[in-house]
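Chain letters run A, B, ... following the sequence lines, proteins first, then strands; residues in each count from 1.
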2 protein chains.
Amino acid sequence: MDITIVDNQQDILQIKLKKILGDPANLTGTCPTRNILDRFSDKWSILSIFHLGNAGILRFNELKKRIDGISQRMLTVTLRNLERDGLISRRVYPEIPPRVEYELTGLGNSLLVKVIELGEWASDHGDQIMQARAQYDARERNTLSALNN
Amino acid sequence: MDITIVDNQQDILQIKLKKILGDPANLTGTCPTRNILDRFSDKWSILSIFHLGNAGILRFNELKKRIDGISQRMLTVTLRNLERDGLISRRVYPEIPPRVEYELTGLGNSLLVKVIELGEWASDHGDQIMQARAQYDARERNTLSALNN
DNA sequence: CGGTATCCTTTGGGATACTG
DNA sequence: CAGTATCCCAAAGGATACCG
């Protein structure tokens, strides 16, 4: 009986896959789903979403301090793109010195849930991946040194 | 009572976030989780995982046909990286002409589940994002033309 | 403080040609 | 068929300087 349940879960995955891949004809490189996945294809976006999800509301420089290694330019670009996609909101207070606050929107929070799952997977399987890499590299070195003899 | 449930779910998210962000000190740019998320930061990896999950086993050129727009070089690079991370297996049949089959490993399948969730989100919210972009661009055009007057 | 503008280097990745 | 090797270009992104 367990087998049936497993099979059903597999079927659900297959159905979802076909929905994603076959959506509006994946053949066209302009497929929206691909377009959107491209946006998450940069680490700064994902990290920004994580930190905003974690802190709630953050000012520009607060965010910059938390995202290790990001340049001012890239943080600006990243936040603009996320705002453009409706994932974060940007509130400017007309004060001197200026204050700008960023926060996840409802849409952004719904994405956060999914991205957290991915982050948790990475956190949970990091060791396994690092180990696989070490093994691969070791094999690689062996075959290379064998060729040199 | 509903509020309590919602709060608990929020708490769970917060706990997971802290687990991800605070894992081994996110401060170091070499944090494994970030390192691994970087790997998914290219669209070809995600698309390869989708298509292998969908088809099960695929040969090099079968995969190339399905991933629209990918070059031979990038498919090779992508598959090598995924293999190195232990996400896919590569079986070479010593025949002429050669035959090479790619398949998701157990680890790869466990990742597939998470990536499908992300893909489904993108598929479901694509319209919303496109709409947000259009609105943002329209506002942008207005403020620009206002500056020119 | 929260940016923008500019420059300049590095990387990603396509095109093409060749090979076991 | 399934790559590798080379060349080359476009884009990403860091560093720096300046600004409201």
Side-chain angles (χ1 to χ4, degrees), chain A residues 29 34-35 37-48 51-52 55 57-84 88-103 136 139-140 143-144 146-148, chain B residues 29 34-35 37-48 51-52 55 57-84 88-103 136 139-140 143-144 146-148:
Chain A
R34 262 175 75 160
N35 186 317
L37 285 178
D38 279 2
R39 163 84 53 248
F40 313 144
S41 287
D42 85 290
K43 54 178 177 181
W44 299 133
S45 291
I46 294 183
L47 288 172
S48 300
H51 282 285
L52 284 173
I57 297 178
L58 285 175
R59 298 177 62 169
F60 185 86
N61 276 332
E62 288 174 341
L63 206 38
K64 186 168 184 304
K65 265 174 223 147
R66 289 168 191 242
I67 305 177
D68 184 59
I70 196 170
S71 66
Q72 191 172 36
R73 186 180 166 283
M74 283 317 295
L75 183 55
T76 302
V77 171
T78 301
L79 291 174
R80 285 294 183 286
N81 282 332
L82 291 175
E83 187 197 1
R84 179 168 177 257
I88 65 174
S89 69
R90 177 174 182 269
R91 261 192 309 285
V92 183
Y93 295 86
E95 311 168 352
I96 293 178
R99 181 159 55 103
V100 181
E101 289 179 350
Y102 294 93
E103 187 179 11
Y136 183 93
R139 266 189 311 246
E140 200 68 4
T143 50
L144 280 179
L147 288 176
N148 289 337
Chain B
R34 263 177 76 162
N35 185 318
L37 285 177
D38 279 1
R39 164 84 52 248
F40 314 143
S41 288
D42 86 289
K43 56 178 176 182
W44 298 134
S45 291
I46 294 183
L47 288 173
S48 299
H51 282 286
L52 283 175
I57 295 178
L58 286 175
R59 297 178 61 170
F60 186 86
N61 276 331
E62 287 174 342
L63 206 38
K64 186 168 184 304
K65 265 175 221 146
R66 288 166 191 244
I67 304 177
D68 185 60
I70 196 170
S71 67
Q72 192 173 33
R73 185 180 167 283
M74 283 316 294
L75 183 54
T76 303
V77 171
T78 302
L79 291 175
R80 285 294 183 285
N81 282 332
L82 292 175
E83 188 197 359
R84 178 167 179 260
I88 65 174
S89 67
R90 178 173 181 267
R91 260 192 310 285
V92 183
Y93 295 86
E95 309 169 352
I96 294 178
R99 181 158 56 102
V100 180
E101 288 180 352
Y102 293 92
E103 188 178 11
Y136 183 94
R139 265 189 313 243
E140 201 67 3
T143 50
L144 279 178
L147 288 175
N148 290 335

- [ ] Under the side-chain contact (heavy atoms from CB on, under 4.5 Å) rule, what do I57(B) and E101(B) come out as? Steps first, then yes or no, please.
- [x] CA-CA 6 Å; I57(B) 295 178; E101(B) 288 180 352; 3.7 Å; yes

Open item on the list: Just N and O in the side chain of R80(B): are any of them under 4.0 Å from OP1 or OP2 of dT4(D)?
Closed with: yes

Open item on the list: For dG3(C) and Y102(A) - does any side-chain N or O of the residue sit under 4.0 Å from the phosphate oxygens OP1/OP2?
Closed with: yes

How close do [X] and [Y] get, counting heavy atoms only, and between which atoms?
X: Y102(A); Y: L52(A); value: O-CD2, 3.5 Å
X: L79(A); Y: I88(A); value: O-CD1, 3.5 Å
X: H51(B); Y: L58(B); value: O-CD1, 3.7 Å

Measure [atom1]/[X] against [atom2]/[N] and give the value in whole Å, please.
X: D38(B); N: dA12(D); atom1: CG; atom2: P; answer: 16 Å
X: L79(A); N: dG13(D); atom1: CG; atom2: P; answer: 14 Å
X: R90(A); N: dG2(C); atom1: CZ; atom2: C1'; answer: 8 Å
X: I96(A); N: dG3(C); atom1: CD1; atom2: P; answer: 15 Å
X: L75(A); N: dG14(D); atom1: CG; atom2: P; answer: 11 Å
X: N61(B); N: dG3(D); atom1: CG; atom2: C1'; answer: 9 Å
X: Y93(A); N: dC1(C); atom1: OH; atom2: P; answer: 17 Å
X: R99(A); N: dG2(C); atom1: CZ; atom2: P; answer: 9 Å

TODO: Can you figure out which of dC1(D), dG3(C), dG3(D) approaches the side chain of R59(B) most closely?
DONE: dC1(D)

TODO: Could you go through the side-chain contact (heavy atoms from CB on, under 4.5 Å) check for R91(B) and E103(B) one step at a time?
DONE: CA-CA 9 Å; R91(B) 260 192 310 285; E103(B) 188 178 11; 3.1 Å; yes

Write out a two-atom table: protein N or O, nucleotide N or O from nucleotides 13-16 of chain C, distance below 3.5 Å.
| from | atom 1 | to | atom 2 | distance (Å) |
| --- | --- | --- | --- | --- |
| dG13(C) | N7 | R73(B) | NH1 | 3.3 |
| dG13(C) | N7 | R73(B) | NH2 | 3.0 |
| dG14(C) | OP2 | S71(B) | OG | 2.7 |
| dG14(C) | O6 | R73(B) | NE | 3.4 |

Task: pair N81(A)-S45(A): side-chain heavy atoms closer than 4.5 Å - done: no

Open item on the list: To the nearest 0.5 Å, what is the distance between CD1 on I67(B) and NZ on K43(B)?
Closed with: 11.0 Å

